[in-house]
Amino acid sequence: MLLYFSNSKHSNHKMNYFNKYSPFINLIVVFVFVNIILRLVLLFHPITQSSFGVIEIFKIFSFGFVSDVLVFIVASAFLWLYLLFLYNSKYDRPTGFIIFSGMLVLLLYITFGNTILNEYGGSAPEVAISFVAFKTFFFGLMLFLPKYRKRIRLVLYVITIFIFVLVIVQNAISEFFFWNEFGVRYNFIAVDYLVYTNTVIGNIMESYPVIPLFIVVGLISGLFTYFIVLHTQPFLNQLPSFGDKLKGLGIYIALFIIALFAIPLMAIQEKSSNVFTNELQANGIYKFYVAFMNNELEFDKFYTTMPNEEAFKMLQQQLPGINGESTLHTIKGDSTEVRKNVVLITIESLSEDFMTEYGNENHITPFLDSLSHQSLQFTNLYAVGNRTVRGLEAVTMCIPPSAAESVVKRKDNKNKFTTGNIFKQKGYTVKYIYGGDAYFDNMQDFFGGNGYAIIDKQSFLPEEITFANIWGVCDEDMYVKAIMEMNKEANQGKPFFNHIMTVSNHRPFTYPEGKIDISGTSKSRDGGVKYTDYALKQFFKMAQQQSWFKNTVFVILADHCASSSGKTELPLDKYRIPALVYSPGFIKPKHFDTLMSQIDVMPTVFGLLHFNYDSKFYGQDVFKVDYKPRAFVATYQDLGLIKDNVLTIISPVRKVKQFALVHTKNPKLKPEFEVHYTEVPMTMLREDLIKETISYYQTSAYLLKNKKMDK
């Protein structure tokens, strides 16, 4: 602290908020510097699968610099609030005693009174009480100990600067790990993670060396804080006058307003055909804000549209039997209905290239590899999205992915037309079984609100859990529980439909020791996949011993791929997933290599069971003669249709892109597994496919909005 008094030579400088001694200027320098380092790290990150030209590099760093400065100006509002209230006259009598008394009254009120903070629950009251108590305590010290006021102010100043620097550094670290997982800046997934803070923090704690990481972050933040405090001591020694405060505030308000208008304009400049260029150019904090504010996208406001009548008329060509503004049509089975039990297993993050037949040479799915030879295997199937809720939406509602948030996560997610609804009409018992907490991702609200009984981690007795991590119980424990539930259902004499969602193939990739030849302490993706495969094998060993096994159809597919990053908005190799239908003596093993979507899986299963029913599904039985091959792929804003070797993408602000899908061969694979493409931008667009893409997404958005997808 002696440093504080060693800068008296600066005491004659006229202090303001925009000179080299200003905390505002020093912090903006740190913010920009940290973001430059972050961009360099992300640029050379292995997941950044792209090369960049000189112009692209220039745009990334020049436009990125401007965006960073503008974002900091807006984000520094709290810093300005702190700096404006740094003055000595507030401690004069009687002003100081009046302020101190008011702070004491406020502290007593929020501590013992029933405030609005109590209605929010959680830690909000404790945080507010701690903050007000802290401010009151230090205000009292500076009021009653004027001789030590400068020293006390320095302590508070150091703490304040450290907090701001810590937020800057921690955000950069968070962006790195988010990029490491998804290959993009903050997006809608980051907003979800903020909502489910406990689970996500737990995941981080189990996935990374948190203590060394926090120590490094603390040391870096402390070092930056030291130099900022050292360099800005003249500002603290001679605080700006009242006139300088007014002038500084006026300039800041002007900059704030300019920044508010300029930040979106800078975002518009992110229009390179290389997605990585756009992401690196962007500012992550602003990307988070945009995702937070746009958790639902009104299709007709953000996307290219056509008259509703025309959209539904086009849809009639794809879904025979529908009329008007509806997808209601009748499905007729071609034989006597078969009321077999159905077990649908959606496996967390199972990319198709984890399996040997798709080219993996590490043999991490030996059981699935063997099971595929005994199953109906869909070898050209695409997941609709890159989140679990997208996969759940696809196999439950069988509709194209909705813009922004999945139906699973929306408020209006109940009483929908679902696969569970069809089974219930046929007299089935319907359950959703999940090894984690079904509160996560709104699963409990969605499945419970659509007639599913729910078995999740909360349903497990302590003795039923042999291993668990932050995501839930291990897959083996979940499968044991599932077998118990199915035995209960079988004893009721009714057929059952159970939808099982796995959790073990998810970071931190921890699982019981001694099960496979990869230790759970390695926390590796290969280990997570191999244990998931092992647990599935144990499930089938148990199932084969049950009386209901021979009367059951097992459907196994991924919810989404393990990664979603790529050079284009929708890299197709990050959407290909394996899918099997296994039922010895009922379903003949074969490979089906026709293009299809995740939303087609359950309607196809209904077809195999020869079900008669009225359907509102967009998904179709792929074995019907009138099936027209196509698939849907999407992020939370880019909506795609694959058809005729063309990928059509519609995006917000009415953007449309098309890519020709050029087949790339791999001589190591069988022909039916050689479904890989290079996406080549098209200059001459196919209007028929653009209209068809719009018709699918526009009509589904319209039907959801107007509650016409309710049962």
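Both cation-pi conditions hold for K340 and F586: the charged atom is under 6.0 angstrom from the six-membered ring centre and inside a 45 degree cone around its axis.
Counting heavy atoms of neighbouring residues, nucleotides and ligands inside a 6.0 Å radius, atom NZ of K541 does not exceed 12 of them. Summarising the local packing, CD of Q492 is surrounded by more than 12 heavy atoms from other residues, nucleotides or ligands at distances under 6.0 Å. The environment of NZ in K550 is sparse: at most 12 heavy-atom neighbours from other residues, nucleotides or ligands sit within 6.0 Å. With a 6.0 Å radius and a threshold of 12 heavy atoms from other residues, nucleotides or ligands, K537 has its NZ atom at or below the threshold.
The two residues K481 and S459 make their nearest non-hydrogen contact at NZ-O, 3.1 Å. Taking both residues in full, the closest heavy atoms of P495 and R339 are given as CB-O, 3.9 Å, listed atom of the first, atom of the second, then distance. N450 approaches N415 most closely through the heavy-atom pair OD1-N, 3.1 Å. A383 and V633 make their closest contact through O-CG1, 3.5 Å (heavy atoms, listed as atom of the first residue, atom of the second, distance). Taking every heavy atom of both residues into account, V343 and F496 meet most closely at CG2-CE1, 4.0 Å. Closest of all the heavy-atom pairs between M355 and S372 is CE-CB, 4.2 Å.
Side chains of R390 and S402: a donor on one and an acceptor on the other come within 3.5 Å. Side-chain N/O atoms of T379 and D593 include no donor and acceptor closer than 3.5 Å. Looking at E337 and H610, their side chains never bring a donor and an acceptor atom within 3.5 Å of each other. A donor-acceptor pair shorter than 3.5 Å can be found between the side chains of D445 and N413. Judged purely by distance below 3.5 Å, without hydrogens or angles, the side chains of T466 and D477 pair a donor atom with an acceptor atom. Judged by distance alone, the side chains of N498 and E485 never bring a donor and an acceptor atom under 3.5 Å apart. At a cut-off of 3.5 Å, with distance as the only test, a side-chain donor of D614 or T330 sits close to an acceptor on the other residue. Counted by atom type alone, Q377 and E357 present one or more donor-acceptor pairs between their side chains at under 3.5 Å. With 3.5 Å as the limit, one finds a donor-acceptor pair spanning the side chains of D369 and T365. Inspection of the E348 and S504 side chains reveals no N or O donor paired with an N or O acceptor under 3.5 Å.
Atoms CD1 and OG1, from I399 and T327 in turn, are 9.0 Å apart once rounded to the nearest 0.5 Å. Rounding to the nearest 0.5 angstrom, the gap separating the CG atom in D456 from the CG atom in D437 is 5.5 Å. The distance from the CD1 atom of I556 to the CD1 atom of I345 is 5.0 Å, given to the nearest 0.5 Å. From L350, atom CG reaches atom SG of C561 across 8.5 Å, with rounding to the nearest 0.5 Å. Interatomic distance, N341 CG to T429 OG1, rounded to the nearest 0.5 Å: 9.0 Å. How far CD of Q374 is from CG of L580: 10.0 Å, rounded to the nearest 0.5 Å.
Residues passing the side chain to side chain donor-acceptor pair (under 3.5 Å) test with S615, sequence neighbours excluded: none. Residues satisfying the salt bridge (Lys or Arg N to Asp or Glu O under 4.0 Å) test with K670, not counting sequence neighbours, are none.
A tilted orientation is assigned to the rings of Y582 and F554, their planes being inclined by 30° to 60°. Between H499 and F497, the two ring planes are tilted [angle within 30° to 60°]. Between F423 and F611, the ring planes are perpendicular. Angles over 60° get that label, and only those under 30° would be called parallel.
The shortest side-chain heavy-atom distance between I483 and Q545 does not fall under the 4.5 Å cut-off. Between T521 and E513, some side-chain heavy-atom pair lies under the 4.5 Å cut-off. Counting only heavy atoms from C-beta outward, the side chains of L536 and I347 approach each other to under 4.5 Å. Residues V184 and F178 meet the side-chain proximity criterion, which asks for heavy atoms closer than 4.5 Å. At least one side-chain heavy atom of E325 sits under 4.5 Å from a side-chain heavy atom of K708. Between I422 and Y428, the closest side-chain pair of non-hydrogen atoms is not below 4.5 Å.
In terms of modelled atom types and a separation under 3.5 Å, the side chain of T604 and the main chain of V622 share a donor-acceptor contact. Checking side-chain atoms of K530 against main-chain N and O of I516 turns up no donor-acceptor pair under 3.5 Å. Put simply, the side chain of Q598 gets close to the backbone of A558: a donor and an acceptor are under 3.5 Å apart. The backbone N or O of N491 lies less than 3.5 Å from no partner atom in the side chain of W548, so there is not a single donor-acceptor pair. For the pair T418 (side chain) and M397 (backbone), a donor-acceptor distance under 3.5 Å is absent. At distances below 3.5 Å, not a single donor-acceptor pair connects side-chain atoms of N362 with backbone N or O atoms of I364. Proximity of a side-chain donor or acceptor of D475 to a complementary backbone N or O of V503 within less than 3.5 Å is detected. Checking side-chain atoms of K494 against main-chain N and O of E489 turns up no donor-acceptor pair under 3.5 Å. One N or O on the side chain of D559 and one on the backbone of S349 form a donor-acceptor pair closer than 3.5 Å. For N612 (side chain) and K332 (main-chain N/O), no donor-acceptor pair under 3.5 Å exists by modelled atom type.
Salt bridge E476/K515: present, at least one basic N to carboxylate O contact under 4.0 Å. Using a 4.0 Å cut-off between charged nitrogen and carboxylate oxygen, K416 and D710 count as a salt-bridge pair. Between K643 and E692, at least one side-chain nitrogen of the basic residue sits less than 4.0 Å from a carboxylate oxygen of the acidic one, meeting the salt-bridge criterion.
Ring to ring, F632 and Y382 are not that close: their centroids are 6.0 angstrom or more apart. Aromatic rings from F417 and F617 are positioned such that their centres are separated by under 6.0 Å. Between Y697 and F299, the ring centre distance reaches or exceeds 6.0 Å. Two rings, from Y432 and Y452, have their centers 6.0 Å or more apart.
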With ring pair (Phe, Tyr, Trp, His ring centres under 6.0 Å) as the criterion, how do F312 and Y702 come out once you've worked through the C-alpha distance, each side chain's angles and the decisive distance to 0.1 Å? CA-CA 10 Å; F312 277 98; Y702 171 83; 5.8 Å; yes
Test side chain to side chain contact (heavy atoms under 4.5 Å, CB included) applied to L608 and V338, step by step: CA-CA 8 Å; L608 294 170; V338 180; over 6 Å; no
Output, in order, the C-alpha distance, side-chain angles, deciding distance and verdict of side chain to side chain contact (heavy atoms under 4.5 Å, CB included) for F592 and M596. CA-CA 10 Å; F592 183 79; M596 62 183 289; 4.1 Å; yes
Where do T693 and L639 land on the side chain to side chain contact (heavy atoms under 4.5 Å, CB included) test, with the steps shown first? CA-CA 8 Å; T693 304; L639 310 176; 5.8 Å; no
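For residues 331-371, the pairs satisfying ring-ring contact (aromatic ring centres under 6.0 Å, His included) are Y358-F673, F367-F540, with sequence neighbours left out.
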